[in-house]
Amino acid sequence: MSILVATITVGDIGESLEEGFFMFWETLWALVLGFGLSGVVQAFVSKEDLQRVMGDHRPASVARASGFGMVSSSCSYAATAMAKSLFQKGADFVSAMVFMFASTNLVIELGVVLVILMGWQFAAAEFVGGPIMIVLLVLVGGIVFARRDVEDARRRLQGGTTAGHDHHAMVGVSDERQEELEHTPWRVKLTSKAAWADAASYTMADIKMLRRELVIGYTVAGLLAVLVPMEVWNDVFISGHGFWTTLENVLLGPFIALISFVCSIGNVPMAAALWHGGISFGGVISFVFADLIAFPLIVIYRKYYGTKLALRLLATFWVVMAAAGLIVEGLFALFGVIPTSRPEQVVETAFRWNYTTFLDLVFLLVFAVLYWLYRNQRRFGGGEGYAFDPMCGMQVRTVDAPASRQHGGTRYWFCSDHCAGRFDRDPAPHAGR
């Protein structure tokens with residue numbers, strides 16, 4: 001490792017950043033499309049009585065939880081907060097976890113980015129493996145998650161709020177406005193600037209929650225693809241031992257996800273770098289599945305459900321994700337569709353006037369329109385019941401914001417006590433935002 005660090009030059013770092021940027025450029029249009037569609041679905045599609053229809057983990061409830069997850073936000077943090085809210089309000093714990101799995105593994109933007117960066121086989125594996133993982137979670141979870149621990153966790157949540165960022169309180173629109181949107185005829189919604197502004201607010205909230213993960217994901221992927229020699233990858237991922245190679249790789253994939261601090265779509269460029277480096281097909285899939293056990297999320301599980309249940313979640317998720325990766329590799333090997341070639345570089349590091357550039361320019365215009373709708377949400381009649389945190393810019397639901405302050409005759413709302421404390425120390429530069 002010291003030899004590796006000693007040989008890194010400024011040029012190597014520049015090349016790594018260039019690689020990461022062009023990975024982002026290659027997938028930019030897909031990200032805007034995916035986040036935009038997610039915002040429309042979250043704003044327009046009814047989720048009425050969601051808690052009531054997820055009261056157990058029988059097949060019908062699991063199917064409903066999966067369906068609702070698929071049309072929800074792809075952000076791991078938002079999915080985690082939503083699953084917590086569902087469980088707190090009466091949903092079955094296993095069904096709430098199924099919702100979380102579907103929300104982060106069976107969404108359109110993930111599939112599109114996988115196709116662009118890695119090929120159709122990886123996107124197909126994601127959508128084949130997702131249901132397999134959900135079935136395994138239901139079978140294992142009903143045994144592993146003890147009733148006493150689950151009920152203790154529910155009482156813990158119902159007894160008070162948790163500290164830190166609550167992303168469920170930071171997205172979209174007020175409950176009253178959401179109910180109005182869900183019961184408005186589609187013809188009216190599709191022609192309403194207020195409705196589209198509310199959908200744009202969901203899109204921007206997801207992007208804000210994921211911006212750090214996306215930056216870290218593309219940056220680290222560029223560093224891995226350029227700076228880590230192939231012999232290092234060969235030492236990490238064993239090869240040439242048949243089943244034992246696959247087993248080691250699918251177990252190692254979630255471990256890399258755990259320590260990488262990257263989740264949601266941000267782990268796809270890292271998956272491309274790992275595939276470039278030599279990890280097996282099943283290992284890549286288990287790594288992508290494992291976006292729900294990135295270390296920051298484990299900390300959140302502990303905060304929500306307590307240490308004991310959080311550790312059980314970590315162990316169960318790890319086993320289920322690795323097993324799903326193993327099964328998917330076996331199925332794809334049976335049908336002979338596992339990719340046999342690995343790219344010498346993940347993407348071409350140069351601008352070309354091709355379909356990618358054309359689509360990126362078009363969707364940059366789409367993003368500009370979404371941002372304009374978002375910034376003018378209140379002018380168009382949307383966004384009632386929400387305010388912007390003056391410290392981090394996050395949209396906060398005022399009725400249950402974690403903190404608020406009065407300053408200069410104006411009330412400010414904050415996404416967390418941390419942001420409120422920063423405001424208290426020096427409010428002048430941030431007042432009026």
Side-chain angles (χ1 to χ4, degrees), residues 42 45-107 130-131 133-162 165-169 171-172 175 209 263-264 289-294 297-321 324 400:
Q42 289 179 78
V45 176
S46 175
K47 296 173 282 294
E48 190 176 22
D49 296 328
L50 185 57
Q51 295 83 230
R52 181 180 57 81
V53 300
M54 288 170 54
D56 54 49
H57 53 270
R58 294 174 181 173
S61 295
V62 169
R64 286 191 289 263
S66 301
F68 284 122
M70 289 176 67
V71 299
S72 183
S73 167
S74 64
C75 171
S76 299
Y77 292 101
T80 300
M82 184 62 179
K84 180 266 292 183
S85 179
L86 294 173
F87 170 63
Q88 181 178 358
K89 294 177 181 179
D92 179 80
F93 185 71
V94 174
S95 288
M97 298 302 103
V98 166
F99 170 90
M100 195 164 67
F101 271 41
S103 182
T104 55
N105 289 290
L106 295 175
V107 287
M133 189 165 55
I134 287 171
V135 170
L136 292 174
L137 175 64
V138 173
L139 294 175
V140 175
I143 300 170
V144 172
F145 304 134
R147 181 183 296 272
R148 176 182 293 181
D149 294 337
V150 169
E151 291 308 314
D152 285 347
R154 198 190 305 272
R155 285 192 293 271
R156 172 190 178 92
L157 291 171
Q158 292 174 344
T161 59
T162 55
H165 288 65
D166 185 349
H167 289 81
H168 182 53
V171 296
D175 291 340
M209 284 186 284
C263 53
S264 303
F289 284 155
D291 59 344
L292 286 172
I293 61 171
L297 290 173
I298 302 302
V299 174
I300 291 174
Y301 299 151
R302 179 177 178 272
K303 188 181 301 178
Y304 285 166
Y305 309 121
T307 302
K308 187 175 181 181
L309 195 52
L311 290 175
R312 291 193 180 213
L313 282 172
L314 171 60
T316 303
F317 286 3
W318 195 323
V319 170
V320 165
M321 292 158 179
D400 55 6

(request) Mind running side chain to side chain contact (heavy atoms under 4.5 Å, CB included) on L314 and Y301 for me, showing each step along the way? (result) CA-CA 9 Å; L314 171 60; Y301 299 151; over 6 Å; no
(request) Assess whether side chain to side chain contact (heavy atoms under 4.5 Å, CB included) is satisfied between T316 and M97, documenting all intermediate values. (result) CA-CA 11 Å; T316 303; M97 298 302 103; over 6 Å; no
Within this structure, what is the [atom1]-[atom2] distance for the pair [X] and [Y], rounded to the nearest 0.5 Å?
X    : Y    : atom1 : atom2 : answer
I134 : N105 : CD1   : CG    : 8.0 Å
L311 : D149 : CG    : CG    : 11.0 Å
L309 : R148 : CG    : CZ    : 14.0 Å
F93  : R154 : CZ    : CZ    : 9.5 Å
L292 : M133 : CG    : CE    : 7.5 Å
L313 : R302 : CG    : CZ    : 13.5 Å

Give me the atom names and distance for the closest heavy-atom approach of [X] to [Y].
X    : Y    : result
S95  : A65  : O-CB, 3.5 Å
P131 : L106 : CD-CD2, 4.0 Å
L297 : D291 : CD1-O, 3.2 Å
D92  : H57  : OD2-ND1, 3.0 Å
A310 : I298 : CB-O, 4.5 Å
L136 : A324 : CD1-N, 4.0 Å

(message) So, using salt bridge (charged side-chain N to carboxylate O under 4.0 Å, His left out) as the criterion, who are the partners of D152 when residues are at least two apart?
(response) R155
(request) Flag the pair Y304 / F87 as yes when their ring centroid distance falls below 6.0 Å, and as no otherwise. (result)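 That pair fails the under 6.0 Å test.
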(message) Restricting to ring pair (Phe, Tyr, Trp, His ring centres under 6.0 Å), what partner residues turn up for F101, sequence neighbours left out?
(response) F317
(message) Could you work out, with side chain to side chain donor-acceptor pair (under 3.5 Å) as the rule, every residue matching R58, not counting sequence neighbours?
(response) none
